[in-house]
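This report refers to the structure that appears directly beneath it.
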Amino acid sequence: MPACLLFLCVLAVEDARDPLHRRIDALIAAGHPDHAKLAAPPAEDAEFLRRVYLDLAGTTPPAAEVRRFLDDTSPDKRAKVCLLYTSDA
């Protein structure tokens with residue numbers, strides 16, 4: 001597992017009170033107060049899925065997975081994709 005992912009997993013285990021993305025944002029903001037003004041907007045769903053697959057699986061997502069992901073309306077669909085590739089199951 002890459003060191004950056006291991007670090008994020010440790011953060012997730014250490015303090016589960018706040019969602020991981022909020023804790024990461026807080027760490028970034030503490031180191032760079034102008035982060036909110038300078039940060040790029042959140043990626044669209046298709047771009048997010050492509051980036052996750054390339055980073056965690058080393059390939060682009062299959063077309064069927066893209067369609068399933070884009071059709072999914074659940075608010076935690078991004079977290080589910082990340083857990084798919086970072087869990088031990």
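If you read the sequence from its start, that first residue is 1, and numbering goes on from there. Owing to the predicted nature of the structure, the values given are computational and were not obtained by experimental measurement.
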Worksheet entry | For Cys82 against Val52, the heavy-atom pair lying closest together | SG-CG2, 4.2 Å

Worksheet, complete the sentence: Closest non-hydrogen atoms of Glu44 and Arg78, given as atom of the first, atom of the second and distance, are C-NH2, 3.5 Å

Worksheet item: Yes or no on side-chain contact (heavy atoms from CB on, under 4.5 Å) for Leu54 and Thr59, after CA distance, side-chain angles and deciding distance?
Response: CA-CA 5 Å; Leu54 286 172; Thr59 185; 5.7 Å; no

Discussion item. Run the salt bridge (charged side-chain N to carboxylate O under 4.0 Å, His left out) test against Asp71 and tell me which residues pass, sequence neighbours left out.
Written reply: none

Fill in: side chain to side chain contact (heavy atoms under 4.5 Å, CB included) partners for Ala43, two or more places apart
Glu47, Phe48, Arg51

Worksheet entry | Which residues share a side-chain hydrogen bond (donor to acceptor under 3.5 Å, both in side chains) with Arg68, sequence neighbours left out | Glu65

Discussion item. List the residues meeting salt bridge (charged side-chain N to carboxylate O under 4.0 Å, His left out) with Lys80, not counting sequence neighbours, and say none if there are none.
Written reply: Asp72, Asp76

Worksheet entry | Point-to-point distance, once rounded to the nearest 0.5 Å, from CD1 of Ile28 to CG of Leu38 | 12.0 Å

Worksheet item: Sequence neighbours excluded, which residues qualify as ring-ring contact (aromatic ring centres under 6.0 Å, His included) partners of Phe69?
Response: none

Fill in: Path from Leu70 to Leu84 over hydrophobic side-chain contacts below 4.5 Å
yes

Practice prompt. List the atom of Val66, the atom of Pro61, and the distance in Å for their closest heavy-atom pair.
Written response: CG2-CG, 3.6 Å

Practice prompt. Go through the structure and list residues passing side chain to side chain contact (heavy atoms under 4.5 Å, CB included) with Ala26, not counting sequence neighbours.
Written response: none

